[in-house]
Amino acid sequence: MDSDLLLPRPQGLYCPAGDFYIDPMQPVARAVVTHAHGDHARAGSALYHVAAAGVALMQERLGATATIRAYDYGERFTLGDTTLSLHPSGHVLGAAQVRIEGRGKVAVVSGDYKRDPDPTCVPFEPVPCDIFVTESTFGLPIYRWPPMAEVIDGMMAWWNECREKGVPAVLFCYALGKAQRVLAELATRTERTVYLHGAMVRLVEAYREAGIRMVPTQPVSDEARGRDFAGELILAPPSAAGSPWMKRFSKASTGFASGWMQVRGARRRRGYDRGFIVSDHADWRGLVRSVEDCGAKRIYVTHGDGEALIRYLRERGHHARALRSLGEMPDVRASEEGD
Amino acid sequence: MHRFAALFEALDRTASTSAKRDAMAAYFAGAPAEDAAWAVYVLGGGKLKRTATSTEMRAALGAETGYAEWLIDDSYSHVGDLAETIALMLPRDDATGGSDTPLHVWMEARLPSLARLESAERIDALREWWRDLPASQVFLVNKLLTGSLRVGVSHRLVVQAIAQWTALPTDLIAHRLSGTWKPSAAAFRALAEAERPDEHAGERPYPFFLASPLEHGVETLGPVTDWVAEWKWDGIRAQLMRRGDDAILWSRGEERLDGRFPELENAANVLPAGCVIDGEILAWAPGEAHPMPFAALQKRIGKHKPGPKLLADTPVRLMAYDLLEYDGQDLRDTPLHARRARLEALLAGHAPTFMLSPPVAATTWADLATTRAQSRERRTEGLMLKRLDSPYRVGRKRGDWWKWKVDPYTIDAVLLYAQPGHGRRSGLFTDYTFGVWDGDTLVPVAKAYSGLDDTEIGKLDRWIRAHTIDRFGPVRSVQPTHVFELAFEAIQASGRHKAGVAVRFPRILRWRTDLAINDADHLDELRRLASG
């Protein structure tokens, strides 16, 4: 039974053979953490195993006192009766899929992943396995990411329009991963300075220290009071939308960079002027392709509704089920979260 | 259609009303008149007769993509818009489509041509169009095929954009577009012509003046003697025009009601030519003190040619509010008291088919408040307050006309079913069905879509996903847990509804997190209201 290798529990996804949790939701003795987003990396566990490329971000997230062991991608290590290795998932800097070998089987927990190119992280590596746990944040065929070059063209055009009109352009995006990816992509077109909300400053620095080339940035807070941001591009986390912080940017045109922007209704509901389709998750084709690339006999789907993906995979002859059907585990993500 | 597609994109990309108006004005100034005419039509909410069914469009999508019907349905339920679902699911060819077919050709030739085809040929035609169009135009063509555009542009805003382009008054443009405006190059150019003195004499209705809800204390309106109060009748707002030998009835939605209310059209022959009356069509049996419930009138609305039995069972009359034109003269700028005096004289002897909506007498606001309490027993929705010296304005202008409705009925009901919304609410469970107790079971009594804020909608959406107990297509049944206070305007016995009652304009007042499902109301209570 698969539960030898993977068993969903209230604390998170557990590996009995290795006695560790992957991305636990509560403090545990041994945690393997796929990436530094808040719904995967939580403070309080005794020991963390992570990919080396993401250590700085992990430390930022988990606190300076957290005990972290870092491994290069592909490096093997042992926990209990299992041999583990971490492989790039292409999601954000340092994000990993967890390969677990034990009891004569190989399971891969992909964490969050994408198949599209991203200058800020190592691309997704298909890892052959018997059991594959896939996310399904964007698990419908309506989600199909446009080429990034096209999106960045649109973003540059929007920025230029704002310069002509003399209004600030405020782009909302997640502070970890999305912001840096946008800044790195913009660097292929411009050397203009982009201004950052305080929540992004340290994370952007961490990416720079990891050698990621991005456009020059300045914290908004370093600018003088009353500074006119007309024609400037400002990046801010979605939580800043509608907050008093926005008062500095009168008449701003607002945009949101997210996979959810694929659907017009989702964009109109949020009231942003512009939506840019940029996601760090796999689109439908990316999900289906990844399942097929890894050759797994059993597929477990988590994050998001997942029902359509499961049924589609079954109709194509795969053995696919919802991960939570294996045991009691709350899904960390409801609709329209994740990005 | 590139030009119209660019306009659509500009409109879709901004939440700013003035930016939308500017974009439309610039388009009207530059686009070919034969296309701009159709842009006015569709942006103003007009649509073509539907020539392909939703089933055919889904079949075409299935054939083109190879996706199973259930996956198309799941996707559609998530997106909430079939036109967009198709544009998102079709294989995307990065080549920008070859030829550009002008908007008017789509509207006048291509889309209507589907009606002449067999279903299978229609599906083939759709697939061919889709292959030939760039993705943004696939969406647009599908939108034009399936209904209104919904791009955050009101009819009013289109009127303002035309006024901006032509430098003519908005009220004049609103009048020129009222009624059934037929898009053509000539009609579009005519919008920009200088005003002619006899312009109002055509068959187009005058744009209706709409009252706003009274949101502050009635005593803030100044002396009660400056106002006339009338009952707020619950019927169909309509305009009756005498033109030559004809009588034309227009609904508030500016549709001609020809043939639906023959008793009014026939009786109008005795009215002088060149007069226009604004009033309310009500179902009202002769000799009765009060009108029939709105549900009775609904039977008449649906019938293009009512038969003798329906005419006998559900006779109608026109409760007249205002006189917009008399003897061919546009009276809209004269004060209301003068218009009403003329109207009263005009209608003398024509009761009950034509009646002046009687003034509700009061010497103080307190008197009026007391009288208003009788609204329900008189089968009205409250009072209308109109300033005696007000002109007849265009559209919803605040200040001169107020509706002072009675407080709605309220009940506490339990959430039973939910389904995803459309447009702005697509992908979220926002369309709810609520039930009340009938013995020890909960029976559905009302559907409501509005009244919660975005935070509550998000919270409820997550809860619904986690507590679904069954699915019927897009509809989910949930564990009866949450109680909501619902408001509605009227309640009637109904054989068509499982619960035996039907409520009018239900909406959510608040989420009663303080109540458990056992605290919800009972059907008996609703039945009592319905018979009361």
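Chain naming here is simple, since letters A, B, ... match the order of the sequence lines and numbering starts at 1 in each.
Chain B forms more heavy-atom pairs under 4.5 Å with one residue of Arg311(A), Arg268(A), Arg274(A), Gln262(A) than with any other, namely Arg311(A).
With a 4.5 Å cut-off on side-chain heavy atoms, Trp284(A) and Leu71(B) count as touching. A 4.5 Å side-chain heavy-atom check between Arg264(A) and Val151(B) finds at least one atom pair inside the cut-off. Residues Arg269(A) and Leu428(B) have side chains in contact (heavy-atom distance under 4.5 Å, counting atoms from C-beta outward).
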Just do the salt bridge (charged side-chain N to carboxylate O under 4.0 Å, His left out) check on Glu307(A) and Arg471(B) with the steps written out, would you? CA-CA 12 Å; Glu307(A) 285 177 50; Arg471(B) 296 174 168 228; 2.5 Å; yes
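Closest approach of Ala308(A) and Trp70(B) over heavy atoms only: O-CH2, 3.3 Å.
Atom CD of Glu315(A) has more than 12 neighbouring heavy atoms from other residues, nucleotides or ligands inside a 6.0 Å radius. Annotation for Arg507(B): atom CZ counts as buried by contact number, over 12 foreign heavy atoms lying within 6.0 Å.
A distance of 12.5 Å separates CD1 in Ile72(B) from CD1 in Ile142(A), rounded to the nearest 0.5 Å.
Side-chain atoms of Arg144(A) come within 3.5 Å of backbone N or O of Leu90(B) as a donor-acceptor pair.
Interface residue Ala68(B): only side-chain heavy atoms are found under 4.5 Å from chain A.
Aromatic ring pairs are classed by plane angle as parallel below 30°, tilted from 30° to 60° and perpendicular above 60°; the pair His78(B) and Trp260(A) is tilted.
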